[in-house]
Amino acid sequence: MSRKDKLTAKLLSRPTDMRFSEVELVLKWHGFSSNTQGTSHRVYKGNGKRITIAIKGGQVVKRVYLEEIIRVLGLEKE
């Protein structure tokens, strides 16, 4: 299993300890990039969509942002 597959599976499990650097890699693999630096939020744009992630207070991404990323990337089919 590749690193991409492992991180995507981790994202889909909605962990409480997913690091910002891991989330950023998944977003980059799906064509998203960020131009914002030095703020408490990072805005990623790609494929005509936009995702905002709060990074204030630590390096762990909150579950609510993981849910939004999964929805926007279309990783989980209902």
Side-chain angles (χ1 to χ4, degrees):
M1 184 182 265
S2 70
R3 183 171 185 203
K4 182 177 180 179
D5 293 335
K6 288 178 183 177
L7 284 180
T8 300
K10 183 176 180 179
L11 174 66
L12 289 171
S13 72
R14 295 159 179 87
T16 58
D17 63 344
M18 190 152 188
R19 298 185 56 78
F20 178 76
S21 59
E22 296 171 325
V23 171
E24 189 172 45
L25 269 176
V26 172
L27 288 170
K28 286 182 180 182
W29 288 331
H30 284 89
F32 283 77
S33 63
S34 174
N35 291 333
T36 56
Q37 295 289 333
T39 65
S40 62
H41 289 72
R42 192 75 49 91
V43 179
Y44 290 89
K45 296 178 184 177
N47 304 323
K49 299 175 182 174
R50 180 179 166 184
I51 299 172
T52 303
I53 303 172
I55 56 173
K56 183 177 180 181
Q59 291 296 319
V60 176
V61 178
K62 291 184 178 181
R63 188 172 286 157
V64 67
Y65 296 108
L66 299 180
E67 293 283 348
E68 179 69 9
I69 292 165
I70 292 168
R71 186 187 66 75
V72 170
L73 295 181
L75 295 176
E76 190 167 79
K77 308 297 180 217
E78 295 181 42

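Everything quoted here is computed from the prediction, not taken from an experiment.
Test Arg50, Lys49, Glu24 against Tyr44 for side-chain hydrogen bond (donor to acceptor under 3.5 Å, both in side chains) and you get one pass: Glu24.
Atom OG of residue Ser33 and atom NZ of residue Lys45 lie 9.0 Å apart, to the nearest 0.5 angstrom. Within the model, atoms OG of Ser2 and CG of Leu7 stand 9.0 Å from one another, a figure rounded to the nearest 0.5 Å. Residue Arg3 holds its CZ atom at 10.0 Å from NZ of Lys10, rounded to the nearest 0.5 Å. Between Leu11 atom CG and Leu75 atom CG the span is 6.0 Å, to the nearest 0.5 Å.
In this structure, Val72 and Phe32 have side chains that are in contact, with non-hydrogen atoms separated by less than 4.5 Å. Put simply, the side chain of Leu73 reaches to within 4.5 Å of the side chain of Val26, judged on heavy atoms. With contacts defined as side-chain heavy-atom distances shorter than 4.5 Å, the pair Arg42/Ile51 does not qualify. Contact annotation: the side chain of Leu25 never approaches that of Lys4 to less than 4.5 Å [non-hydrogen atoms, C-beta and beyond]. Side-chain atoms of Leu66 and Met18, non-hydrogen and from C-beta on, do get closer than 4.5 Å to each other. Residues Thr16 and Val60 form no side-chain contact, since every pair of their non-hydrogen atoms from C-beta on lies 4.5 Å or further apart.
When all heavy atoms of Thr52 and Tyr65 are compared, the pair lying nearest together is O-CD2, 3.4 Å. Shown here for Arg14 and Glu67, the closest heavy-atom pair between the two residues is NE-OE2, 2.6 Å.
Here the side chain of Arg71 pairs no donor or acceptor atom with the backbone of Ile69 at under 3.5 angstrom.
At most 12 heavy atoms of other shown residues, nucleotides or ligands fall within 6.0 angstrom of atom CG in Asn35.
Hydrophobic clustering of Ile, Leu, Val, Met, Phe, Trp and Tyr side chains at less than 4.5 Å, counting indirect connections, unites Val23 with Leu12. The hydrophobic cluster containing Val43 does not contain Phe20, counting ILVMFWY residues as joined when their side-chain heavy atoms lie under 4.5 angstrom apart, directly or transitively.
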